[in-house]
2 protein chains.
Amino acid sequence: MSGLRQKILSTASNLFQTQGINSTGVDTIVATAGTTKMTLYKYFSSKELLILEVLREGHEDFQAWLNDKLNTNAKHPAEKLQKLFDYIEEWVTSPDFNGIGFIKASAEFPKEDNPVHKLSAEQSLQFREYIKQLAHEANIQDADGLALQLSLLFKGAAQAEQMQRGSDAIKYAKMAAKILIDGALTR
Amino acid sequence: MSGLRQKILSTASNLFQTQGINSTGVDTIVATAGTTKMTLYKYFSSKELLILEVLREGHEDFQAWLNDKLNTNAKHPAEKLQKLFDYIEEWVTSPDFNGIGFIKASAEFPKEDNPVHKLSAEQSLQFREYIKQLAHEANIQDADGLALQLSLLFKGAAQAEQMQRGSDAIKYAKMAAKILIDGALTR
DNA sequence: TAAAATGTATACCGATTAGTATAATCGATC
DNA sequence: GATCGATTATACTAATCGGTATACATTTTA
């Protein structure tokens, strides 16, 4: 049963994050994963498809982890909102954190009709919709606006973290989020 | 007097933004600029040096434009802070806007010792320091913190704009910035 | 008018890219 | 022990990459 497929996926994910997507050749991926090109192309029919799969898995992992954390550690919707950036911080500062995929992918594939770019935009929107749902359940008037603002803080912090690992950006993003959330709740 | 050098710079800037830096070959640049590789390499001894120069010019233009706008249209330091995102919006929504270079460059060159990455991080920090100075002059206690938060909003909005042109992210970033600034001023 | 600088045109180099063809090797099942 | 699927190993293709060499044309300067 192919642990190889998973190995290739995780290896590619790491390399994409540390070296860049376009700068990482297929040969480098298979060499690092300890396999050959024939095997890679048996599981992924093209590099683009591999990129898409890496993005998909990364996003699903993040969303599932975040949703699970919020559901088990917060009862009321407003509480979820207030704890959102706590878990974002926990995710981002985790030692095996390897970046928010869709942030970088959209930069490396700027053409709007590119499949990778389209998936990135879709995932970004999906995250925003998730926050919007939380805000809506917390009876916030402009749920859409708050969701957009929080996603901006998230993107900014992720971008800062990718620019310099271990920056204190997340900490201040959390404080800014608290101000925006509290303001929206008491309106 | 070489208008060719400037033509190459602006052409490269446009292509880098619309196609990506790594995805834009030197041949494409010279063909689009209407010149030859020999001329390009007379002005820029390598592609990396061309990238650095494009980044440098873009950042200088932005900083100079922003500083000029603030100085001529706002008197008091607090007023400058409050109008900051108005001009950021004006810059970003301008039709000939071609992206905040250091946002994308840091994604395409993730290695921290890479010259392009280093310049990007430097420019990002420089922008943050600029805001910090404004906040300091406005007698804001945690000038550093506010500057970081505003730069997060700026990065997030720029990232959103690069993901989808014409998004309303800037509008909401402006609103969030107002909340954060007002809160910091009346403390 | 002669010299010098600037730009064009074109062909080339070695390295790297994504992807494929072919044959050999491995382990498990029957 | 033979067979079968999965994996490896290696060599290859055609295209593209950044960068260079050479020869020629044009314009500027003296």
Strictly below 4.0 Å: does [X] bring a side-chain N or O up to OP1 or OP2 of [N]?
X: A/T35; N: D/dT8; answer: yes
X: B/T39; N: C/dT8; answer: yes
X: B/Y43; N: C/dT6; answer: no

Subject >> Rounded (10°) bend between the five-pair end axes of the helix from C/dT1-D/dA30 to C/dC30-D/dG1 >> reply: 10°
Original post:
Has B/E48 got more than 12 heavy atoms of other residues, nucleotides or ligands less than 6.0 Å from its CD?
Top reply: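 Counting neighbours around CD of B/E48, more than 12 heavy atoms of other residues, nucleotides or ligands fall under 6.0 Å, so yes.
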Subject >> NZ (B/K7) with more than 12 external heavy atoms under 6.0 Å >> reply: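 No - once you tally the heavy atoms of other residues, nucleotides and ligands closer than 6.0 Å, there are 12 at most.
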Original post:
With a 3.5 Å cut-off and no angle check, do the side chains of A/E129 and A/Q133 form a donor-acceptor pair?
Top reply: no
Original post:
Cut-off 3.5 Å, side chains only: do A/Y130 and A/N67 have a donor facing an acceptor?
Top reply: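 On atom types as modelled, these side chains qualify, holding a pair under 3.5 Å.
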Original post:
So, does B/E108 use its side chain to make a donor-acceptor pair with the main chain of B/I21 at under 3.5 Å?
Top reply: yes
How close or far is atom [atom2] of [N] from atom [atom1] of [X], stated in whole angstroms?
X: B/R5; N: C/dG7; atom1: CZ; atom2: P; answer: 12 Å
X: A/L49; N: C/dG19; atom1: CG; atom2: P; answer: 10 Å
X: A/K42; N: C/dT20; atom1: NZ; atom2: P; answer: 13 Å
X: A/M38; N: C/dT20; atom1: CE; atom2: P; answer: 8 Å
X: A/I51; N: C/dT17; atom1: CD1; atom2: C1'; answer: 13 Å

Between [options], which nucleotide has the shortest distance from any of its atoms to the side chain of [X]?
X: B/K47; options: D/dA9, D/dG19, C/dT10; result: D/dG19
X: A/Y41; options: C/dG7, C/dT22, C/dG19; result: C/dG19
X: B/L4; options: C/dG7, C/dG19, D/dG19; result: C/dG7

Original post:
Would you call the rings of B/H59 and B/F102 parallel, tilted or perpendicular, where under 30° means parallel and over 60° means perpendicular?
Top reply: perpendicular
Subject >> Check: A/L9 and A/Y43 side chains under 4.5 Å, non-hydrogen atoms >> reply: no
**OP:** With a 4.0 Å heavy-atom cut-off, tell me which residues in residues 15-32 of chain A come close to DNA chain C, sorted by residue number.
**Re:**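 Those residues whose heavy atoms fall under 4.0 Å from DNA chain C, taken from residues 15-32 of chain A in numerical order, are A/T24, A/G25, A/V26.
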Original post:
Considering the options B/I140, B/L146, B/L180, which one meets the side chain to side chain contact (heavy atoms under 4.5 Å, CB included) requirement together with B/L185?
Top reply: B/I140
**OP:** Evaluate salt bridge (charged side-chain N to carboxylate O under 4.0 Å, His left out) for A/E60 paired with A/R56, printing each intermediate quantity in order.
**Re:** CA-CA 6 Å; A/E60 275 173 16; A/R56 224 180 301 267; 5.9 Å; no
Original post:
Is there a donor and acceptor pair, one atom on the side chain of B/K37 and one on the base of D/dG19, closer than 3.5 Å?
Top reply: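 Answer is yes: a donor-acceptor pair is held.
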